[in-house]
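Below you'll find the structure, written out as structure tokens, and then a few comments.
The model shown is predicted, which means the values in this text are computed figures rather than measured ones.
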2 protein chains.
Amino acid sequence: MPQTKASDVTADAMACCAPLTEAPLSEAEAVELARVMAALADPVRLRLLSLVASAPEVCSCELEGPLAKSQPTVSHHTKVLAEAGLITGERRGRWTWWHVNPEALVAIARALGA
Amino acid sequence: MPQTKASDVTADAMACCAPLTEAPLSEAEAVELARVMAALADPVRLRLLSLVASAPEVCSCELEGPLAKSQPTVSHHTKVLAEAGLITGERRGRWTWWHVNPEALVAIARALGA
DNA sequence: TGATAGCATTTACATATATCGATATTTCTA
DNA sequence: TAGAAATATCGATATATGTAAATGCTATCA
């Protein structure tokens, strides 16, 4: 399960780094931010994120169609986004419902100094 | 030379896409945004960008030291960032001076809906 | 309890990329 | 024009990653 706990969310660690435009990033800050950016550096994941973010919650089974990807591939991408702290999965019965994590998006924008 | 003209800057094409959180991204929008994100998905490039963004302008020769990378590697990364529209290179004499492109950072933040 | 549905994991493979040595190109200077 | 300096490009290699088939796991239902 990609049921990432809040303590695992890398976006939290990233939220503390100062904006890019104010001071050079440390090695550790850069590695952490790069990990989150890498989660966003794939067209399928961006579309997946936008599908989740545009609705209150989305089931995994509602993603395979629009994304035109296999079930294992969709599962892989949701896991990557969840580990980056961008979405959160909640299992209810046989379905996993996904929610966007708005704070993570704000943290990225802040890290970019924009 | 990575002297990218304004017409080549992918951030321009990206600036027109609606925020992630409002509507699902189209395939083309996702590909374009992913290309810019990929440029930010590397620790060395993030530190390079922060070095450039934290100063009015930075010479390539001032990057090898802080980044602890070889000259070809630094040249490669500046090219990637320039092609993504995040920085602009201006050649004056034997030196290339790099500037951040603030509009590109704002466009990313807007695309993320944050 | 057996069968089915939804999702996660493993495994394998093709592609992409970060890195650097060697070399080419451009520009300044003597 | 020759030589040096700064940067860009090429070639090679190791690593990372997107993708899906095969398989495992858990919850629901007859």
Side-chain angles (χ1 to χ4, degrees), chain A residues 1-5 8 27 30-49 51-52 57-84 86-99, chain B residues 1-5 8 27 30-31 33-49 51-52 57-84 87-99:
Chain A
M1 290 166 274
Q3 304 284 85
T4 56
K5 295 171 296 182
D8 295 333
E27 178 69 28
V31 168
E32 197 55 42
L33 185 53
R35 192 196 314 275
V36 179
M37 290 303 190
L40 295 171
D42 181 86
V44 175
R45 280 197 292 273
L46 283 175
R47 293 183 60 215
L48 197 165
L49 177 62
L51 286 167
V52 172
E57 61 182 2
V58 175
C59 172
S60 289
C61 58
E62 296 177 275
L63 294 171
E64 299 177 31
L67 296 177
K69 296 295 173 184
S70 69
Q71 179 270 319
T73 296
V74 170
S75 182
H76 165 70
H77 287 308
T78 52
K79 181 179 182 179
V80 172
L81 287 172
E83 286 179 346
L86 295 164
I87 62 176
T88 302
E90 180 189 351
R91 188 130 195 186
R92 293 204 298 270
R94 283 187 293 203
W95 290 269
T96 300
W97 297 92
W98 298 99
H99 312 260
Chain B
M1 292 168 276
Q3 306 283 84
T4 56
K5 295 171 296 181
D8 295 332
E27 178 69 29
V31 169
L33 184 52
R35 192 195 314 275
V36 179
M37 290 302 191
L40 295 171
D42 181 87
V44 176
R45 280 198 292 272
L46 283 174
R47 294 183 60 215
L48 197 164
L49 177 63
L51 286 167
V52 171
E57 63 181 2
V58 175
C59 172
S60 290
C61 58
E62 296 177 275
L63 294 171
E64 298 177 30
L67 295 177
K69 295 294 172 185
S70 69
Q71 179 270 320
T73 297
V74 171
S75 181
H76 165 69
H77 286 307
T78 52
K79 180 179 181 179
V80 171
L81 287 172
E83 287 179 344
I87 62 176
T88 302
E90 180 190 351
R91 189 130 194 184
R92 294 205 298 270
R94 283 187 292 208
W95 290 269
T96 300
W97 296 93
W98 298 99
H99 314 259

- Query: What does the inter-axis angle of the helix from C:dT1-D:dA30 to C:dA30-D:dT1 come out as, five pairs per end, nearest 10 degrees?
  - Reply: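 Axis angle across the helix from C:dT1-D:dA30 to C:dA30-D:dT1, nearest 10°: 20°.
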- Query: Counting distance only, does the side-chain N/O of A:Thr78 pair as donor-acceptor with the main-chain N or O of A:Val74 below 3.5 Å?
  - Reply: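 Indeed, once roles are kept as given, a pair shorter than 3.5 Å links the two residues.
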- Query: Does A:Ala34 offer a backbone N or O that forms a donor-acceptor pair with the side chain of B:Arg45 under 3.5 Å?
  - Reply: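 Not at all, since once roles are kept as given, no pair shorter than 3.5 Å links the two residues.
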Length of the [atom1]-[atom2] vector between [X] and [N], whole Å:
{"X": "A:Leu67", "N": "C:dC7", "atom1": "CG", "atom2": "P", "result": "13 Å"}
{"X": "B:Arg92", "N": "C:dC28", "atom1": "CZ", "atom2": "P", "result": "12 Å"}
{"X": "A:Leu81", "N": "C:dA8", "atom1": "CG", "atom2": "P", "result": "12 Å"}
{"X": "B:Trp97", "N": "C:dT27", "atom1": "CH2", "atom2": "C1'", "result": "15 Å"}
{"X": "A:Leu63", "N": "C:dG6", "atom1": "CG", "atom2": "P", "result": "14 Å"}
{"X": "B:Glu64", "N": "C:dT19", "atom1": "CD", "atom2": "P", "result": "14 Å"}
{"X": "A:Glu62", "N": "C:dC7", "atom1": "CD", "atom2": "P", "result": "9 Å"}
{"X": "B:Glu90", "N": "D:dA8", "atom1": "CD", "atom2": "P", "result": "13 Å"}

Which pair of heavy atoms, one from [X] and one from [Y], lies closest together, and at what distance?
{"X": "A:His77", "Y": "A:Val44", "value": "CD2-CG1, 3.6 Å"}
{"X": "A:Leu63", "Y": "A:Trp98", "value": "CD1-CD1, 4.5 Å"}
{"X": "A:Leu86", "Y": "A:Leu40", "value": "CD1-CD2, 3.6 Å"}
{"X": "A:Val36", "Y": "A:Ala84", "value": "CG2-O, 4.2 Å"}
{"X": "A:Cys59", "Y": "A:Trp95", "value": "SG-CD1, 3.0 Å"}
{"X": "B:Pro43", "Y": "A:Ala30", "value": "O-CB, 3.6 Å"}

Check nucleotides 19-21 of chain D for protein N or O atoms closer than 3.5 Å to its own N or O atoms and list the pairs.
| from | atom 1 | to | atom 2 | distance (Å) |
| --- | --- | --- | --- | --- |
| D:dT19 | OP1 | A:Lys69 | NZ | 3.3 |
| D:dT19 | OP2 | A:His77 | NE2 | 2.4 |
| D:dA20 | OP2 | A:Ser70 | N | 3.3 |
| D:dA20 | OP2 | A:Ser70 | OG | 3.2 |
| D:dA20 | OP2 | A:Thr73 | OG1 | 2.8 |

- Message: Counting only side-chain nitrogens and oxygens, does B:Lys79 get under 4.0 Å of the OP1 or OP2 atom of D:dT9?
- Response: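 Indeed, a polar side-chain atom of B:Lys79 lies that close.
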- Query: Got a sec, which residues hit side-chain hydrogen bond (donor to acceptor under 3.5 Å, both in side chains) with B:Glu27, two or more places apart in sequence or on another chain?
  - Reply: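 B:Glu27 satisfies side-chain hydrogen bond (donor to acceptor under 3.5 Å, both in side chains) with A:Arg47 only.
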- Task: Just call it for A:Arg45: base, sugar-phosphate, or nothing, with non-hydrogen atoms closer than 4.0 Å on any strand.
- Result: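 The answer is sugar-phosphate, as A:Arg45 gets under 4.0 Å only of primed atoms, P, OP1 or OP2.
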- Query: Is there a donor and acceptor pair closer than 3.5 Å between the side chain of A:Gln71 and the base of C:dA8?
  - Reply: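 Per atom types, the contact qualifies.
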- Task: Would you mind telling me which of C:dG6, C:dT27, D:dT7 lies closest to the side-chain atoms of B:Arg94?
- Result: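 Closest nucleotide to the B:Arg94 side chain: C:dT27.
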